[in-house]
Number of protein chains: 2
Amino acid sequence: MTSQVQIDQRVKSFIAACRQHGIKATQQRMEILRELASTEEHPDAETVFARVRKRLPTISLDTVYRTLRTLEENEIISRVGSMRERARFDANTAPHHHFVCSDCGLIGDFYCDELQGFPPPPEVADMGSVDSVYIELRGRCRACQIKRDRTE
Amino acid sequence: MTSQVQIDQRVKSFIAACRQHGIKATQQRMEILRELASTEEHPDAETVFARVRKRLPTISLDTVYRTLRTLEENEIISRVGSMRERARFDANTAPHHHFVCSDCGLIGDFYCDELQGFPPPPEVADMGSVDSVYIELRGRCRACQIKRDRTE
DNA sequence: TCCTATTTAGTAATAATTCGTATTTACACA
DNA sequence: TGTGTAAATACGAATTATTACTAAATAGGA
């Protein structure tokens with residue numbers, strides 16, 4: 001993901017993807033993607049803006065935000081973490097994980113010993129020490145499944 | 001977690017915990033905890049505010065936010081999801097997971113087939129259908145570990 | 001070349017969360 | 001059972017990330 005060839009390849013396939021999705025492969029979009037594809041540090045919007053600006057001095061922060069969303073919607077990039085609009089809280093102190101409905105936001109607890117005691121893979125040990133595991137299963141709750149079926 | 005006795009028990013042990021941590025067991029804090037302990041729906045701050053207000057009409061939204069943070073810091077409740085201040089983006093399209101440093105915010109990718117193909121436990125099937133698994137290992141990165149060791 | 005989606009710029013709106021400060025309260029101790 | 005004091009609260013105002021609006025300019029791509 002770091003070699004120049006790979007990055008160029010990534011941008012090239014992005015252009016193809018644009019054709020497919022019927023969106024334009026603008027300079028701005030290509031440079032934003034290039035920037036993200038060139039780094040492993042999972043930058044935020046401001047950081048992307050600052051860096052892309054070096055090459056496209058007139059780009060606006062607005063465009064960066066808009067583009068990041070467009071790329072995300074087209075599943076060309078992804079967002080790290082939940083980033084729900086509002087924080088949600090939980091008084092359940094037992095070790096557990098969550099099921100989250102991406103339609104209505106329902107959050108359910110579930111328990112799973114295998115996951116609970118899961119040993120971090122060795123490559124993680126190189127990064128640092130782990131002190132907790134956060135797991136979220138994402139999908140559609142029963143009610144929202146039904147709602148969807150009815151609409152179609 | 002739903003019976004009145006259990007909730008009362010929870011509030012009582014909260015009062016004890018306050019003594020331990022040297023923080024005050026105020027009406028507001030107790031009612032906020034009681035509210036959270038009474039539900040499984042993982043409410044947000046506004047929702048907690050609206051409900052607690054029925055019993056403590058003068059409580060402020062500010063207090064709810066402040067208290068939720070305090071409870072979280074003292075590990076009496078937890079927050080669902082990452083809720084980083086800013087959104088972070090990732091152009092890595094291969095299936096992978098993240099290691100996150102809670103000190104500096106570093107995010108690293110890692111790969112793990114066992115986790116990748118992990119079958120959702122049956123209790124989750126009752127809630128709905130799963131279409132993705134989000135996993136975050138949280139801890140301290142190498143650099144931050146060293147920084148900590150030096151400070152102590 | 002031309003049509004249209006997209007960008008820019010610059011301001012303003014939102015919306016969640018936090019801060020400043022005067023006031024009140026829990027609770028340790030007398 | 002009072003009381004002094006640090007901790008906590010209420011309330012409005014401030015912050016911060018993100019999105020929206022506009023009109024005018026630009027540039028994909030057929």
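Atom set for the values below is all heavy atoms of this structure, side chains included, hydrogens, waters and symmetry mates excluded. A, B, ... follow the sequence lines: proteins, then strands. Residue 1 opens every chain.
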Between [N] and [X], is there an OP1 or OP2 to side-chain N/O distance shorter than 4.0 Å?
X	N	value
A:Y65	D:dT19	no
B:T58	D:dA10	yes
A:T63	C:dT6	no
B:R66	C:dT18	no
B:Q28	D:dA10	yes
B:S60	D:dC11	no

Please give, in whole Å, the distance from [N] [atom2] to [X] [atom1]?
X	N	atom1	atom2	answer
A:R84	D:dT18	CZ	P	16 Å
A:I32	C:dT6	CD1	C1'	12 Å
A:K24	C:dT7	NZ	C1'	10 Å
B:R86	D:dT15	CZ	C1'	12 Å
A:L61	C:dA13	CG	P	18 Å
A:F49	D:dT19	CZ	P	15 Å
B:I23	C:dA28	CD1	P	13 Å
B:Q27	C:dT24	CD	P	17 Å

For this session: Hey, which sits more toward the 5' end of DNA chain C by its nearest nucleotide, B:A25 or B:M83?
Result: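 It is B:M83 whose nearest nucleotide is closer to the 5' end.
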For this session: Take B:C18 and B:A45, find for each the nucleotide of DNA chain C with the closest heavy atom, and name the residue whose nucleotide sits nearer the 5' end.
Result: B:A45
For this session: Measure up the A:H97 and A:F110 rings against each other and bin them: parallel (under 30°), tilted (30 to 60°), perpendicular (over 60°).
Result: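 Tilted.
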Students often get this wrong, so: under 4.0 angstrom with heavy atoms, is [X] touching a base, only sugar-phosphate, or nothing?
X	result
A:M30	nothing
B:E85	sugar-phosphate
A:R69	sugar-phosphate
A:I59	sugar-phosphate
A:D44	nothing
B:R29	sugar-phosphate
A:E46	nothing

Exercise. Distance under 6.0 Å and angle within 45° of the ring axis: does B:R29 meet both against B:F14?
Worked result: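 Not satisfied by the 6.0 Å and 45° rule.
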Problem set entry | Among B:K147, B:Q145, B:R148, the one residue meeting side chain to side chain donor-acceptor pair (under 3.5 Å) with B:D103 | B:R148
Exercise. Of the options B:R86, B:R88, B:R84, which is the one that meets A:D44 in a side chain to side chain donor-acceptor pair (under 3.5 Å)?
Worked result: B:R86
For this session: Would you mind checking if B:E72 and B:R69 are paired as a salt bridge, meaning a charged N to carboxylate O distance below 4.0 Å?
Result: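 Salt bridge between B:R69 and B:E72, a charged N being under 4.0 Å from a carboxylate O: no.
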Exercise. Salt bridge between B:E41 and B:R51, side-chain N to carboxylate O under 4.0 Å?
Worked result: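 Answer for the salt bridge query: yes.
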Exercise. Want to settle it: does B:D62 or A:R19 sit nearer the 5' end of DNA chain D, counting the closest nucleotide to each?
Worked result: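 Taking each residue's closest nucleotide, the earlier one in sequence belongs to B:D62.
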